[in-house]
Amino acid sequence: MAPTWLSARRDTDDLEAALLPRNAHRDAEGRLVIGGVDVQTLAAEHGTPLYVLSEADFRARARSFREAFSAAFAPETEVDVFYAGKAFLSTHVAGWAVAEGLCVDTASGGELALALAGGVPPQKIGLHGNNKSDAEIQRALDAGIGRIIADSSDELERISRLAVAAGTRAPVMLRLTPGVHASTHEYIATAHEDQKFGLSLTPAPGAAPAGSANPYLGSPAWTAATRALELPGVELRGLHAHIGSQIFEPAGFELAAQKLITFLASLRAEHGVELPELDLGGGHGIAYTEADTPRDPESIAAALATTVKQACAEHGLSVPRISIEPGRAIVGPAGITLYRVGVQKDVQVDAPDGSTASRRYVAVDGGMSDNARGVLYDADYSAVLASRRVTGDHVLSRIVGKHCESGDIVVRNVYLPTATARDDLLAVPATGAYCHSLSSNYNYLTRPAVVAVADGASQVLIRRETEQDMLGRDTGFAAG
């Protein structure tokens, strides 16, 4: 019944070393300690479920990307690392990113407001979005942010109109869809043709004359780039592509970079313009389970730098200023979620060989409202018993939430100690990214707090939601 990649075990030492924040360890009593604070103390002070974020781990990963990419592309060009705030953003986290020399990428007017409130210099902010409102574009222009990533021809026209009315020029990157297959879940692959993001590089049938030296002539991307060069109020800075998320293989990133550089060369040939910037996106995978083997920033940077430099040399282009957008790869491994064990039950299941086997269901005090990724993407996670160390017999288990959905699964397959008991604390690693961002009040559960740990102390970044917070939005309750 267990997947082939899942190892039967009698302890979780190797799992903890691979998946937990780098400063995690067990104390003399066997309790998991992160950032110098043990999980029993965290649960007592802040309750459960609880998102716990290691500040030191976040900062170290942010620094690693900045240093690795700067070194790999030197001396030809400089690199800007944009922390993808959609993974998780708070004013404190925005401040950490800036302190480590990063810019911040936002995906809505709300995220933009949060980044500004966190003290991010406007010129270090980018704004994404496939359906930006005029109000969001106006806010970006008023704030003087460093880049607006245009996702459509419609948006280009509106940016131009609003910038002209404001008496300014909007710094614009064009998001292109390079048609690269990314080995990831369908819903987080974003460079294939049949999806909502970006401007396709594929020419419409009959749009380009036969034998044209420009492979992109007649494509939506080419039409938009040509228009952007002539629009008033638009300063076309460069091109952007993002092929998806949670990707381990380098080939897709490299092929996308080659296509964008060919596009840059075609623009220079046709219009005599050499755009100065190229954004290679993010989406680099992290380890959620023992089966995942992520690449380190140095390997990612070295491979992309080699590809970009070679492609630019082949086309006679200067290497443009490069930017990348890691989010999950920085904050994901820096976070865990703490849950408290409730009901357990053993269920008889039909095994693939026709026999009957037992699976233990372990219910916790959270679920799909604090981690929706399992429901959305069939995402796999792992877990460890965190409040005490138990070695010996482990049983194949499924960690489930308390919501009224059979699909409310937090960890689909994991070996937990047979001795796991009510009120034990479980830690689910690699939940720093997208768990809080996607959280909800389903079944009217309150959203957990987010706390940062560092140097033996914890700090609330986002306070736990209360029932009063939820009920306050109900006009019947408020009127009463």
Side-chain angles (χ1 to χ4, degrees), residues 1-6 15 19 48-51 86-88 183-190 195-196 244-246 285-292 328 332 335-352 356-386 394-416 420 422 424-448 450 465 470:
M1 291 209 306
T4 56
W5 54 263
L6 185 66
L15 204 62
L19 302 183
T48 57
L50 181 66
Y51 301 117
K86 64 177 182 169
F88 172 71
S183 298
T184 188
H185 191 280
E186 174 189 358
Y187 291 170
I188 50 178
T190 56
Q195 49 90 32
K196 69 178 186 177
S245 299
Q246 188 57 7
I286 66 171
Y288 287 104
T289 72
E290 63 188 79
D292 296 327
R328 179 198 318 261
I336 68 164
T337 306
L338 282 181
Y339 297 101
R340 193 173 293 279
V341 173
V343 169
Q344 297 186 71
K345 61 177 70 170
D346 293 330
V347 176
Q348 298 304 305
V349 179
D350 292 333
T356 300
S358 178
R359 188 199 309 278
R360 178 161 296 177
Y361 275 73
V362 180
V364 295
D365 54 352
M368 61 188 289
S369 60
D370 58 72
N371 189 344
R373 293 189 67 254
V375 176
L376 290 176
Y377 315 132
D378 296 322
D380 284 319
Y381 284 90
S382 193
V384 297
L385 184 60
H394 282 55
V395 61
L396 182 64
S397 303
R398 176 162 291 173
I399 301 173
V400 296
K402 60 182 294 177
H403 296 282
C404 291
E405 299 286 343
S406 58
D408 179 25
I409 299 171
V410 179
V411 181
R412 192 168 300 277
N413 294 288
V414 64
Y415 282 98
L416 291 178
T420 300
R422 173 175 282 275
D424 275 336
L425 295 175
L426 297 181
V428 177
T431 55
Y434 296 105
C435 291
H436 178 272
S437 299
L438 292 170
S439 62
S440 74
N441 294 126
Y442 184 48
N443 289 153
Y444 251 56
L445 265 67
T446 57
R447 285 176 289 188
V450 183
E465 199 170 32
M470 292 191 298

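Side chains are part of it too, since the values below use all heavy atoms of this structure and drop only hydrogens, waters and symmetry mates.
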Chemist: What distance do Tyr51 atom OH and Arg447 atom CZ have between them, rounded to the nearest 0.5 Å?
Modeler: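 Separation between the atoms: 9.0 Å.
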Chemist: Got Val343 and Arg422 here, is their nearest side-chain heavy-atom distance under 4.5 Å?
Modeler: yes
Chemist: Checking side-chain contact (heavy atoms from CB on, under 4.5 Å) for the pair Thr356/Asp350: CA distance, chi angles, key distance, verdict?
Modeler: CA-CA 5 Å; Thr356 300; Asp350 292 333; 4.1 Å; yes
Chemist: Any side-chain to backbone donor/acceptor pair from Ser437 onto Lys86? Under 3.5 Å, distance only.
Modeler: yes
Chemist: Backbone N or O of Arg412 within a donor-acceptor pair of the Arg398 side chain at under 3.5 Å?
Modeler: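 Yes.
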Chemist: Can you give me the closest heavy-atom contact between Ser397 and Val395, atom names plus distance?
Modeler: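 Minimum heavy-atom contact is OG-O, 3.0 Å.
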Chemist: Compare every heavy atom of Leu338 with every heavy atom of Ala386, then report the nearest pair and how far apart it is.
Modeler: CB-CD2, 4.3 Å
Chemist: Shortest non-hydrogen contact from Tyr288 to Asp380?
Modeler: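 Looks like CB-O, 3.2 Å.
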Chemist: Are any side-chain N or O atoms of Asp292 and backbone N or O atoms of Gly285, one a donor and one an acceptor, separated by less than 3.5 Å?
Modeler: no
Chemist: With no hydrogens and no angle check, do the side chains of Glu405 and Tyr442 hold a donor and an acceptor under 3.5 Å apart?
Modeler: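 The criterion, which ignores hydrogens and geometry beyond distance, is satisfied for Tyr442 and Glu405.
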Chemist: Let me confirm one number: the CG-CG distance from Leu416 to Leu396, rounded to the nearest 0.5 Å.
Modeler: 9.0 Å
Chemist: May I have the step-by-step check of side-chain contact (heavy atoms from CB on, under 4.5 Å) for Thr420 and Arg360, ending in yes or no?
Modeler: CA-CA 11 Å; Thr420 300; Arg360 178 161 296 177; 5.7 Å; no
Chemist: Nearest 0.5 Å, please: how far is OG1 in Thr337 from OH in Tyr381?
Modeler: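 Rounded to the nearest 0.5 Å, the OH-OG1 separation comes out at 7.5 Å.
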Chemist: If you measure from CG on Leu50 to OH on Tyr339, what distance do you get to the nearest 0.5 Å?
Modeler: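 It is 10.5 Å, given to the nearest 0.5 Å.
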Chemist: What's the spacing between Ile399 CD1 and Gln344 CD if we round to 0.5 Å?
Modeler: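 If I round to the nearest 0.5 Å, the distance is 10.0 Å.
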Chemist: So do the side chains of Ser358 and Gln348 get within less than 4.5 Å of each other, counting heavy atoms only?
Modeler: yes
Chemist: So, Asp365 side chain and Arg340 main chain: donor-acceptor pair closer than 3.5 Å or not?
Modeler: yes
Chemist: Is it the case that the side chain of His403 and the backbone of Asn443 share a donor-acceptor pair, with hydrogens and angles ignored and the cut-off at 3.5 Å?
Modeler: no
Chemist: Might you point out which heavy atoms bring Ala383 and Val411 nearest each other, and give the distance in Å?
Modeler: CB-CG2, 4.2 Å
Chemist: Please check this pair: side chain of Asp408 against backbone of Gly367, looking for a donor-acceptor N/O pair closer than 3.5 Å.
Modeler: no
Chemist: What heavy-atom pair brings Leu6 and Val414 nearest, and what distance separates the two atoms?
Modeler: CD2-N, 4.1 Å
Chemist: Measure the spacing between CG of Leu19 and OG1 of Thr431 and express it to the nearest 0.5 Å.
Modeler: 11.0 Å
Chemist: I need the minimum non-hydrogen distance between Ile286 and Ala430, along with the two atoms involved.
Modeler: CD1-CB, 4.1 Å
Chemist: Does the side chain of Leu385 come within less than 4.5 Å of Leu426's, by heavy atoms?
Modeler: yes
